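So the structure is just underneath, and the comments pick up after that.
Numbers restart at 1 for each chain; the letters A, B, ... are given by sequence-line order, proteins then strands. Fair warning: this is a prediction, and the values are worked out from it, not measured in the lab. Just the heavy atoms: all of them, side chains too, but no hydrogens, waters or symmetry mates, feed the values below.
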Amino acid sequence: MRAVITVIGKDRVGIMAHVSSICSENSVNIVDVTQSVLQEFFTMVMLVELPAGGIPCGELADKMNVLGKDMSLEIHVMHEDIFNSMHRI
Amino acid sequence: MSSILAGDDSGGKKPIMLLRESYKGSGAFTLLNMSDIMETITMIEHENLDIRTITMGISLFDCSDPDIGVACDNVYDKIARRAEKLVSTGNEIEKEYGIPIINKRIAVTPISMIAASCRSHDYARFAFALDRAAAAVGVNFIGGYTALVHKGFSCADRQFLSTIPEALAGTQRVCSSVNIGTTRAGINMDAVALLGRIIRRAAELTADQDCVAATKLVVFCNAPEDNPFMAGAFHGPGEPECVINVGVSGPGVVRAALAKAGDCDLTGIADIVKKTAFKITRVGQLVAVEASKRLGVDFGIVDLSLAPTPAVGDSVARILEEMGLEHCGAHGTTAALALLNDAVKKGGVMASSHVGGLSGAFIPVAEDEGMIESARCGALSIEKLEAMTAVCSVGLDMIAIPGDTPAEIISAIIADEAAIGMVNNKTTAVRLIPAIGKSEGDELSFGGLFGTGPVMKVNRCSPARFIARGGRIPAPLQSLKN
């Protein structure tokens, strides 16, 4: 399945590196990423592929939440279907 | 290489056709736009978008037994077995999709139908069994301590109705409802008279807990059989063995969308509500299908409702005010609500494969922060609320009335509301809370989703003789509609 990871917060060194390492440690493949910094405000949207039989989406969300708390960032991990169903007919 | 999450923060959309081609056939993924993603997250994080309830409907027809003890055990066992994974599955979906699912609940076959074959008339024992089963599977409410008496009473029904106050006062999670009228059958005024007394009794038995038992009792006209919302949920006799119904919510999202729109005309307002309702309902549809798949249970319906909570930013009244009313309850409120209710349905219908339940904007006074304020400042009266119920779902809901209100006035309020439902071929309901020991201007505080109820003024002219007549109000004509 695919999930969308969103990261919002004050810009600092290493945000992408930390998020990516959690993905890599859990065999989660990054399919696409888009990121911007506006007035020190960091936003990133990452599309990832979770391996079949690998880490469940909920567990990845937990790990990202821990990172989010450590780095004072708002990180969400959500199944891509929620966006597809809301914004695509 | 450009991002497939193309787009920019200002909301512009730049779909990149080449990449779209390259993703064709690679699964469900379609082009996602960054501003769309941020919109969804804003709705959830800041505008209180949530799934209000996943409600599992369970048929109890195979649980009846002449021995009430055996019947109650059957009921408990069946609910505990069927709903064993309801809460954990709801929690899984919540986490995976990142959408809050506020309540997981259960609706069962009207207990009066199961209890009728028992030799004992101590029907409240069923309520205690339901309460234990609900606690065992971890749901906060279970609905179905219900009787359908719109055309008359079966032999057990009167006895069953008389146990409702005791059943609600003695349990935490059980909800009760009674259908006293339909468009096809008319209104059972004997039941209406009885329910005035039952509502008072329920409040009196829990006077030390802000009369909470009355918050768990709904009197319906044209009750839907697949409603997922409490306190009126039950699993109708025409429903399948087990089913998942989902109720969505999102008054905050609608209000925020209207606020962003600024000074557009009312056609524009209706359009915005439709689009927002579509998005909200799509999430409900997704969750409903996913929950029914994971639980191995039929998908029933999505209830297209705007269900408020007492939280700031989750109010239906504030949507009406956003349209341009100083307070909910001002003249113009009924028109604004009619527009809102209709647009919610129009937007939602296309977003879901099966729509049902109550489907419309709810106006429960104690559960809506904006309505509480309007009632406190005197802008909102019971008479205005009654007019509003003619154009929206559901009825006079969560209204605290003075504790000395006589039973026949409560019955007459029920009769008025049922007449609106009967004649207009829609569901109406009454959930009044007589605030025992309190009077106009005082407040009841229920906590949680049930909120705070300012005690509202009631017209004290006596309808006693009218209510005492009993009998049935005949079903209305369905043609010659002018």
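A salt bridge links Asp62(A) to Lys95(B): at least one charged side-chain nitrogen sits closer than 4.0 Å to a carboxylate oxygen.
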Item to complete: Starting from the C-alpha separation in whole Å, work towards a yes-or-no answer on side-chain contact (heavy atoms from CB on, under 4.5 Å) for Ile37(B) and His87(A).
Response: CA-CA 9 Å; Ile37(B) 290 172; His87(A) 300 289; over 6 Å; no

_Walk me through whether Met86(A) and Leu49(B) qualify under side-chain contact (heavy atoms from CB on, under 4.5 Å)._
CA-CA 12 Å; Met86(A) 270 181 108; Leu49(B) 172 62; 3.9 Å; yes

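In this structure, chain B has no heavy atom under 4.5 Å from any part of Glu59(A). Residue Leu60(A): no heavy atom, backbone or side chain, is found under 4.5 Å from chain B.
Two residues are said to be in side-chain contact when any heavy atoms from C-beta on lie closer than 4.5 Å; Tyr97(B) and Met78(A) fail this criterion. Proximity of His79(A) to Leu286(B): side-chain heavy atoms (C-beta onward) are nowhere separated by under 4.5 Å. Residues Ile89(A) and Phe278(B) form a side-chain contact, since some pair of their non-hydrogen atoms from C-beta on lies under 4.5 Å apart. Between His76(A) and Ile44(B), every side-chain heavy-atom pair lies at or beyond the 4.5 Å cut-off.
Between the CD atom of Glu290(B) and the CD1 atom of Ile82(A) there is a distance of 11.0 Å, given to the nearest 0.5 Å. In this structure, Ile93(B) CD1 and Cys57(A) SG are separated by 12.0 Å, a value rounded to the nearest 0.5 Å.
Of all non-hydrogen atoms in Ile8(A) and Met38(B), the two that sit nearest each other are CD1-SD, 4.1 Å.
Evaluation of the side-chain contact (heavy atoms from CB on, under 4.5 Å) rule for Asp342(B) yields Lys346(B) as partners, not counting sequence neighbours.
The stretch residues 9-21 of chain A places none of its residues near chain B, where near means some heavy atom under 4.5 Å from a heavy atom of that chain.
No other option in Met350(B), Glu96(B), Glu39(B) has as many heavy-atom pairs under 4.5 Å with chain A as Glu96(B). If you tally non-hydrogen atom pairs under 4.5 Å between each of Lys279(B), Gln285(B), Glu94(B) and chain A, the highest count goes to Lys279(B).
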